Structures are given as structure tokens and as C-alpha cells.
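No hydrogens, no waters, no symmetry mates; every other heavy atom, side chains included, goes into these values. Owing to the predicted nature of the structure, the values given are computational and were not obtained by experimental measurement.
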Amino acid sequence: MTQLEELLATWIPRQRWFAGKGAPIEAVRVEAEHPIVTGDPTLRLLVVRVTQPDLTSRYQVLLGVCPEGGLPTELAHAVIGVCALAGLDSARTVYDAAHDPELTALLLDHIAQGTDGSLRFRAVPGSVVRTGLRSLVLSGEQSNTSVVYGERYVLKIFRRLWPGHNPDLELNTALAGSPFVSPPHGWIETDLGDEEGYAIPTTLAMLQEYLRSATDGWVLAATSVRDLYDAPDMPPGAAGGDFAGEAERLGSATAAVHRHLARDLPTDVLSSRALREIAQAMERRLCRAVTEVPQLEPYSGALRSAFEAFAEVDDPLPVQRVHGDYHLGQVVRTDTGWVLLDFEGEPGAPIDERQRLSSPLRDVAGMLRSFDYAARYQLVGNAHEEELAPVARGWARHNREAFCAGYANGGGVDPEKHQTVLRAFEYDKAVYEVLYEARNRPTWLRIPLDSIAALAS
Ligand SMILES: Nc1ncnc2c1ncn2[C@@H]1O[C@H](COP(=O)(O)OP(=O)(O)O)[C@@H](O)[C@H]1O
Ligand SMILES: O=P(O)(O)O[C@H]1O[C@H](CO)[C@@H](O[C@H]2O[C@H](CO)[C@@H](O)[C@H](O)[C@H]2O)[C@H](O)[C@H]1O
């Protein structure tokens, strides 16, 4: 490995967006290096291949390079290290350029101009992208890195790269004009080799309108839960900060987006054979999760029965493009209503898998899991856990009903009438969450484990 690759091998595993946590790194290779700006500092876009025992993945790193000691102190937190670089006679400080407003401003310039080369910068036709805006990296638990420009745009830099057009750009473009999404304004792409070596146009980043008046759905729901915990004897609907009205409107917004996607993009109806295959995939995911998180084992029988029941469902299952990783952190409440964000799907899955048609009930299940999370997470480490646990269940049930009613009234199927399908999707998502928490937030592992225990009892 070069000196830079050695540095990346220590820096990448410490990043929130690194998907291979828990396994050692065997090798790091800079697979492609695209110069964006030359001079001091220099901006390069790297595609970095990380090899681990059971996983090879590619990541995007925006690399700032400046003379050793030449980095302003406000960028100290973004430093990757000091190393020799080919073609340069002295050692350089390299850093995560997403944090450098001077360099990220140039990305916006390129998108506005529509630059061509090994990287392609594009503005959405008809969109006039404003430049000269100061940028700031959003802090938060994210799978990617989002840079906000002057509270006007947000540039989402996709960290884990899979060859193909990212569904976030694809679906936001299909939904453009809907009041329930934030309009896309541009993107950056390159060609990335697939397994057979074919060059596939691949989205590297997406520029979208920044919704400055927005409040995160997770924050709103968590506040409502906190209010109820302060008045544990009250029914959820009577306590201050009741979330049910919002949950119902969110259900309707979700149904409207699903209808829009079903109208403008391909749909299908699944055969019973396809249902069996989906159930088998759920079982495989369960097996993998049990191997990594043995605490899941006592519930594997109940989970398996739910997947088997799904495989036996007689009714045809309509499928279409869906959100794919739907939860309260993916929706924001603006002055005018709910807006859905992050149509990327599960960032750990290849693009063709994420583009596969699925039941919209999978998204419904994702959001219902999120209500359960919102209700439970403040129990972790809470001295009054025993007393508050039934309150949490009450909150989740109350808002679940409201969301499902909103979904049905908004033109979606009535989720309550498709219990077998819904339950299997909820279990499958909970199994995914068990792995996600074990790898990323071990102190939260008990949230999905406790809800699996409750669902399975
Ligand atoms: N267009 C936007 N307007 C306002 N806030 C946004 C916007 N896009 C993202 N955010 C904020 O950033 C967070 C993370 O964005 P998201 O697209 O979910 O990224 P990731 O895929 O990295 O999780 C969201 O939960 C939201 O709070
Ligand atoms: O980064 P993404 O938003 O694409 O999604 C990943 O991270 C989420 C956590 O931030 C994770 O969601 C899980 O935790 C949420 C609370 O933080 C909860 O509302 C969700 O229901 C729960 O699944 C998501 O699963 C993961 O893909």
C-alpha cells in the first residue's frame, strides 16, 4: 500500500459511513483518482477499494491536499494525515475536503456550469443553480455526508459506491413536482467498473433543495414520547404533544408518494413462487444475523414462522418502486406538510437489488418499526423503565393506528388488512436493525431485540 492508502486504512474505519465495522481491513487501494482542482489546496475525488475478510466495498473520499502545516485550524478535525504523494516533492497534509467550504464551493460551481470529463457535473434541466454559497457539513448519524450550501441546497455525497444510478436521484427525479419531495437540482457522476469490468455510469452526489424550515420526524416523535413519559398515567391521545395527527398526515403523504411512483414507474404483481423466494431471502438474512448476533437465536423460530406464513399468502402481491429504507429520520415536517427524503434504499445493498420492485407495505413496515424505536429508545438506561415500558407500547400502538388510517385514507391499501405481509416485513426490518445496531450502535441493540421479543411473544 502507498503511504496515502496506509493513512486511509486507519481513517476510513473510524468514519460513521464505513459499512465494514467489526471486521479487520486487509487492504486499501485507491482505484481511481479524479483531480477536480489543482493548486493549493488541491481537491481530488478518490474511489477507494477496501478489502475485508468477507466484504469488498468501494468508498468515495473527497481528498483535500495542502502543504504540510498549511491547513487552517478549523479544519484540524478533518485531517486524515501527512504523507508523500506521487509527483509532489514534499510531504502533504491530506484531509476530508467535504469540510472545506473553499473546496466544496467548487463542486457547486461545476454543477452550475455542467462540466464534462472523467467526472460529469450536471444541473437538472431547467434548474439555475446559484453559486457562491457558503457550505457546512451536516452533523448527524448518517450513512453519507451532506453538505448544506447557504441553507439553499444540500449536496449528498454518497460514500459507499455501487455501480449504477443511485435510486435517490432516480426516484426524486421521477417525483419532481410532488409536494412531498424536495426537488433535485443536480448531480455528479462517473463511470465505475462492475464485476465484469463494464463501465457503468454511477451517481457520486446529488444536489437537492435544502428545506430550511424542516424538522426531522424523529425529533418530533421523540418529543411527543418524552411528553407522554412525563405524564405516564394519561392515554397517549390526551397527553400534550400527541403525535397522532402528524402520524396520520404522514401516512397520507406516504400513500400519495407510493401512488405517484406506481403511476409513473413500472409495477408488477408477484406470483406465489416469487413470494416464496422473498421469504427465503428473509430467512437467509435471519441466518446471517443469528450468526453475528447470537442473542437473536431464541426468537428465530417465531421469525421463521412469520416468513413461512408470508410464503403461503394466497392474494397476489402488487409491487412497485418504493422508498426502501423508510423511517422517521427520512421524513421532515415543513410549514406545508411532510416531505420524504433519502430514496437511496439500504446503502449496503447493490443498486440493482435496491431498484427491484417491492410491496409498498415494506415501507409501511419500516415506518411502523420507527414508531416502535421512537417509543423505546428513551427506555435505554432509564431508571423508570419498567413503569414506562407499557407507556411506550401505548404510544407506538396509538401512532401506528393513526399512520395506517392515514395511509388507507390517502389512497393506499389498508395495512391492517394485510397483517401476514406486514408482519413479515416488520420482522425482516427488525432483523436488519439488529445487525445495523450491533455494528454501529451496540448500546441500541436491545431496541430491535426487545421489539422482536415482544412481537414474537
Ligand atoms: N433537503 C433537505 N432539507 C432539509 N434537511 C435535509 C435535507 N436532506 C437531508 N436533510 C437532513 O439530513 C439528514 C440526513 O439526510 P439523508 O438523506 O437521510 O442522508 P443519509 O442517507 O446519509 O442518512 C436528514 O435526516 C435530514 O435531517
Ligand atoms: O442512514 P440511513 O438513514 O440511510 O439509515 C440507516 O440508519 C438509521 C439510523 O440512523 C437506521 O434506522 C434505525 O434507527 C432509527 C433511529 O435512529 C429508527 O427510526 C429506524 O426505525 C431504525 O431502522 C436505518 O435502519 C439504517 O438503514
* **Within residues 197-207 or reaching into it, pairs that qualify as side-chain hydrogen bond (donor to acceptor under 3.5 Å, both in side chains) - sequence neighbours excluded** =>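 Applying side-chain hydrogen bond (donor to acceptor under 3.5 Å, both in side chains) to every pair that reaches into residues 197-207, excluding sequence neighbours, yields nothing.
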
* To do: For residues 108-128, pull every pair meeting ring pair (Phe, Tyr, Trp, His ring centres under 6.0 Å), keeping only residues two or more places apart or in separate chains.
  =>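 Those involving residues 108-128 are H110-F121.
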
Does any non-hydrogen side-chain atom of [Y] lie less than 4.5 Å from one of [X]?
{"X": "P72", "Y": "D100", "result": "no"}
{"X": "L270", "Y": "I278", "result": "yes"}
{"X": "L275", "Y": "L317", "result": "yes"}
{"X": "Q280", "Y": "E283", "result": "no"}
{"X": "L62", "Y": "L103", "result": "no"}
{"X": "F18", "Y": "R159", "result": "no"}
{"X": "L46", "Y": "L8", "result": "yes"}
{"X": "L171", "Y": "H323", "result": "no"}

Check whether [X] reaches the backbone of [Y] with its side chain - one donor and one acceptor, N or O, closer than 3.5 Å.
{"X": "R122", "Y": "E189", "value": "no"}
{"X": "Q52", "Y": "A23", "value": "yes"}
{"X": "T267", "Y": "A262", "value": "no"}
{"X": "S252", "Y": "G406", "value": "yes"}
{"X": "Q3", "Y": "C83", "value": "no"}
{"X": "Q330", "Y": "D325", "value": "yes"}
{"X": "S224", "Y": "G241", "value": "yes"}
{"X": "W218", "Y": "S370", "value": "no"}
{"X": "E33", "Y": "R44", "value": "no"}
{"X": "E426", "Y": "L368", "value": "no"}

* **Verdict with supporting geometry, Q15 and D96, side chain to side chain donor-acceptor pair (under 3.5 Å)** => CA-CA 11 Å; Q15 304 313 303; D96 183 1; over 6 Å; no

* Asked: Looking just at side-chain N and O atoms, do R49 and T56 make a donor-acceptor pair shorter than 3.5 Å?
  ->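 Checked: R49/T56 side chains show no N/O donor-acceptor pair below 3.5 Å.
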
* Asked: So, T51 versus R29: side-chain donor-acceptor pair below 3.5 Å or not?
  ->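 There is no such pair between these side chains.
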
* To do: Kindly check if the number of other-residue, nucleotide or ligand heavy atoms within 6.0 Å of CD (E74) is above 12?
  =>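 Enclosed.
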
* Asked: Should we say atom CZ of R134 is surrounded by more than 12 heavy atoms from elsewhere, each under 6.0 Å from it?
  ->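 12 or below, so no.
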
* To do: Please state whether the rings of W17 and W11 are parallel, tilted or perpendicular, taking 30° and 60° as the class boundaries.
  =>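 Judged by the thresholds at 30° and 60°, the geometry between W17 and W11 is perpendicular.
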
Distance from [X] atom [atom1] to [Y] atom [atom2], nearest 0.5 Å?
{"X": "R288", "Y": "L296", "atom1": "CZ", "atom2": "CG", "value": "13.0 Å"}
{"X": "L136", "Y": "E151", "atom1": "CG", "atom2": "CD", "value": "9.5 Å"}
{"X": "L7", "Y": "I12", "atom1": "CG", "atom2": "CD1", "value": "10.5 Å"}
{"X": "E297", "Y": "L303", "atom1": "CD", "atom2": "CG", "value": "10.0 Å"}
{"X": "L341", "Y": "Y326", "atom1": "CG", "atom2": "OH", "value": "9.5 Å"}
{"X": "E292", "Y": "L435", "atom1": "CD", "atom2": "CG", "value": "5.0 Å"}

* To do: Could you walk me through whether L445 and Q295 pass the side-chain contact (heavy atoms from CB on, under 4.5 Å) test, one step at a time?
  => CA-CA 10 Å; L445 173 58; Q295 298 99 300; 3.6 Å; yes

Taking all non-hydrogen atoms of both residues into account, name the closest pair between [X] and [Y] and its distance.
{"X": "P101", "Y": "S135", "value": "CA-OG, 3.5 Å"}
{"X": "R446", "Y": "L379", "value": "NH1-O, 4.5 Å"}
{"X": "A97", "Y": "L63", "value": "CB-C, 4.0 Å"}
{"X": "Y153", "Y": "V129", "value": "OH-CA, 3.5 Å"}
{"X": "H77", "Y": "H99", "value": "NE2-ND1, 3.2 Å"}
{"X": "G69", "Y": "T93", "value": "N-OG1, 3.6 Å"}

* Could you check R376 against E437 for salt bridge (charged side-chain N to carboxylate O under 4.0 Å, His left out), going step by step and ending with a plain yes or no? => CA-CA 14 Å; R376 286 175 190 277; E437 300 301 354; over 6 Å; no

* To do: Could you walk me through whether R226 and Q378 pass the side-chain contact (heavy atoms from CB on, under 4.5 Å) test, one step at a time?
  => CA-CA 8 Å; R226 201 168 300 123; Q378 293 170 64; 3.3 Å; yes

* To do: Report the C-alpha distance between V137 and T145 in whole Å, list the side-chain angles of each, state the deciding distance to 0.1 Å, and finish with yes or no for side-chain contact (heavy atoms from CB on, under 4.5 Å).
  => CA-CA 7 Å; V137 173; T145 300; 3.9 Å; yes

* Assess the pair H327 and Y373: is the distance between their ring centroids shorter than 6.0 Å? =>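 No, ring centres 6.0 Å or more apart.
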
* Asked: How far apart are the C-alpha atoms of E246 and W338, what are their side-chain angles, what is the distance that settles it, and do they pass the side-chain contact (heavy atoms from CB on, under 4.5 Å) test?
  -> CA-CA 9 Å; E246 291 298 355; W338 286 102; 3.0 Å; yes

* Asked: Salt bridge check: are R354 and D168 linked by an N-O gap of less than 4.0 Å?
  ->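 A salt bridge is absent here (no side-chain N lies under 4.0 Å from a carboxylate O).
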
* Asked: Please walk me through it: do R120 and D191 pass salt bridge (charged side-chain N to carboxylate O under 4.0 Å, His left out)?
  -> CA-CA 9 Å; R120 298 180 288 279; D191 292 325; 2.9 Å; yes

* **Audit row: D264, R321, salt bridge (charged side-chain N to carboxylate O under 4.0 Å, His left out) steps and yes/no** => CA-CA 10 Å; D264 291 358; R321 293 300 297 275; over 6 Å; no

